[in-house]
A.B. asks: 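Please read through the structure below; I'll follow up with questions.
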Number of protein chains: 2
Amino acid sequence: MSDMRKTPTIQDVARFAKVSTATVSRALSSPERVSLGTRDRVSEAIRVTGYTLNQAARSLRQRAAKTILVALPDIRNGFFSSILDAIEREATNRGYSVLVANLYLGHESARRLEGYLFSNRADGLLLLDGSLDPQALRVLTTAPHSFPMVVACEDIPNAGFHRVLTDNQVAAERATRHLIDLGHRRIGHLVGPENNVVARERNAGFVSALRQAGIEPNPQWLIRGNFEMQAGFAAAARFMTLSERPTAVFAANDESAIGFLSGLRQQGIECPRDISIVGFDDLEVAAHYRPALTTMRQPRETLGRLAAETLIDLLEDDGTTRSAMHIVLNCELIVRGSTAPLAQ
Amino acid sequence: MSDMRKTPTIQDVARFAKVSTATVSRALSSPERVSLGTRDRVSEAIRVTGYTLNQAARSLRQRAAKTILVALPDIRNGFFSSILDAIEREATNRGYSVLVANLYLGHESARRLEGYLFSNRADGLLLLDGSLDPQALRVLTTAPHSFPMVVACEDIPNAGFHRVLTDNQVAAERATRHLIDLGHRRIGHLVGPENNVVARERNAGFVSALRQAGIEPNPQWLIRGNFEMQAGFAAAARFMTLSERPTAVFAANDESAIGFLSGLRQQGIECPRDISIVGFDDLEVAAHYRPALTTMRQPRETLGRLAAETLIDLLEDDGTTRSAMHIVLNCELIVRGSTAPLAQ
DNA sequence: CGGTGTAGTGCAATCGATTACATGCGGTTG
DNA sequence: CAACCGCATGTAATCGATTGCACTACACCG
């Protein structure tokens, strides 16, 4: 407390080690360019003075913050928090810090992202939000000084972005086909948020699977949702008012599937006896829910890791403007107790 | 793409507006000190040049990164991700960015934190990890240049930290008493990780409630866990091997309670018919689980917001070294379907 | 022995914004 | 009218690390 000197700088270290600041700097960032003896003296000086690097100064000089920005729609969702976890791991391994930005409204978000990125706080963006206003995105792309960016989870075709995705549409088809294979013909879909790319792809996969099986989708059975548990719960009430009800439902994600199941139970509908449900994501709780949830597993850890890898590779590849990466990961159908053959 | 000039600086703006850089800087950070006419010219110049602030340069000069570091044990846990969400909101509102650091091992963590903080990447630390090695913490405290820091969730008494907590022990007592009130006498506890402060407090509350009711806790009924769902699931198997089994269990958190319930069901034990369970946290899924989980609700949003507020207040209070804050929030017992009166 | 190469180090400019201090100017006051 | 004040603005130092260039000393080669 009494020791209120300012924090030591590279100057202090230099003075103590009786070398120039240039040498100290080199001893830190490229030790092989410094003789063994000096290196030791510098280490000792650092120890004694308690020196730590000032990242702001380094960033200013090197024009790089060694930081990536992760923009996501909802940290609280287990799907995103897992991905964030994987990203953070990979980034830390490679010496990068992770800034998080939660984008509640698709609207003002773009301004926020701009502010973040163009201010040298972050060197690149990892965008996980499928709901972002397309016009907002255009700002990011067409900005006079565009910067490295990878979109993950959501597809934004034809924009030249690097992308790391899962095959949402194909996976949704497979999930739906699973229900068809069980004999279901009256199949509904608990939809994700409007204007969300991922939600639309899953919807498309759903429709496509039905059509392939010669079933015409019933628009009444597209039940509004928004990926959230509460919305799934509310959807159950609306479901009950349908004059004719599906015997199976493909939910756009696990959270809403769980809310939906919970709502249905309250209405006396039992799963899988009265209805079969497939979810999407394979959240950890899916296996422990009752009934255990049949779901499409997304390789979340892999997805997060690859996304981070791709972005950081991009940042460190100076100039070598490779053509846009496009990685697509497969999902895996996990069959559990929430789906059953159609009762005769 | 052909437009590869470097990003515009305050110099460019100044040149364009025909004023000095000082004036531009003032127009941005204290507009009232600049005449209306110049202010307009500067705005226009900023618009035309597409200028954005270089945060690194500002941080260097002002010795403040306008960034806080949030250190937590597991982002994937719904409890922490909710808190992180609240923190991020508050921080953003007040113009701060949020860096996240996941601390897997209680060990190397301290080094990492040190590195982060003493490098001017972040101005302060929000510590949410109850498992941090005490010795590691000492490093942070006794460092010659200690910095603002708030611990949340976990209590670290006598260290002079600012703290924002819930009354874990009292809440655990209340949760346990709820079981006692229902007539249960053989009550077990699904424990959190060893060396975790929060886990210990809840354990203490559990024991204290029993003692107050004249019940001597049975050491056999302290079931090992670590806050994770999987551990709860595994615990159920061990539970089955007990010669005499409790009729009720207080789980240290909802995640492990859910895993435990799932494991028990697999063993044919029905809740609440055969056993009553109380959890802790009130995760969103708790209300939608089956049975709906009786649990102690922690005011997560409030907790996150207050923690962020406290830290930022601290950062902006130059010098006014107030004595350490100590905020304690109350939890609320939410009674749902997982607890029932002891069957005679 | 002169020339060339190279390892090790220092000097000083540089990154971009902020800010203490200085300046000029119009207006007020005693 | 001189002294003074305050507003608006400019000048230039400053934050702390990096790095291009220059220099020295020594080794090696023909």
A.B. asks: Reading DNA chain C from 5' to 3', where do the contacts with chain A start and stop? Cut-off is 4.0 Å to heavy atoms.
C.D. replies: C:dG8 to C:dG16
A.B. asks: Tell me whether the OP1 or OP2 atom of D:dT19 has a side-chain N or O from A:S25 closer than 4.0 Å.
C.D. replies: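 It does not, given that no N or O in the side chain of A:S25 lies less than 4.0 Å from OP1 or OP2 of D:dT19.
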A.B. asks: In residues 58-66 of chain A, what residues come within less than 4.0 Å of DNA chain C, judged by heavy atoms?
C.D. replies: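 DNA chain C contact set from residues 58-66 of chain A: A:L60, A:R61, A:R63.
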A.B. asks: Could you give me the CA-CA distance, side-chain angles and deciding distance for A:D85 and B:N102, then say whether side-chain hydrogen bond (donor to acceptor under 3.5 Å, both in side chains) is met?
C.D. replies: CA-CA 7 Å; A:D85 180 64; B:N102 220 346; 2.4 Å; yes
A.B. asks: Please examine the side chains of B:S25 and B:L28, heavy atoms only from C-beta on, and report whether any two atoms are closer than 4.5 Å.
C.D. replies: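 When only atoms from C-beta onward are counted, B:S25 and B:L28 do not touch, as no gap falls below 4.5 Å.
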A.B. asks: Could you measure the distance from the CD1 atom of A:I312 to the CD1 atom of A:I87? Nearest 0.5 Å is fine.
C.D. replies: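 Those atoms lie 9.5 Å apart.
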A.B. asks: Give one of base, sugar-phosphate or nothing for B:V24, where a contact means two heavy atoms less than 4.0 Å apart.
C.D. replies: nothing
A.B. asks: If you assign each of B:S20 and B:A57 to its closest nucleotide in DNA chain D, which residue comes earlier from the 5' end?
C.D. replies: B:S20
A.B. asks: Indicate, with a heavy-atom threshold strictly under 4.0 Å, whether B:S29 touches base, sugar-phosphate, or nothing.
C.D. replies: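 Nothing: the residue B:S29, judged by heavy atoms under 4.0 Å, touches no strand.
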A.B. asks: Rounded to whole Å, please give me the gap between CD1 in A:I10 and P in D:dT19.
C.D. replies: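 Computing the A:I10:CD1 to D:dT19:P distance gives 11 Å.
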A.B. asks: So which one's nearest nucleotide on DNA chain C is more toward 5', A:T21 or A:R41?
C.D. replies: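 That would be A:R41.
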A.B. asks: Using whole Å, report how far CG of A:N54 lies from C1' of D:dT14.
C.D. replies: 13 Å
A.B. asks: Which distance, rounded to the nearest 0.5 Å, do you find between the CZ of B:R121 and the CG of A:N54?
C.D. replies: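 B:R121 CZ to A:N54 CG: 11.0 Å, rounded to 0.5 Å.
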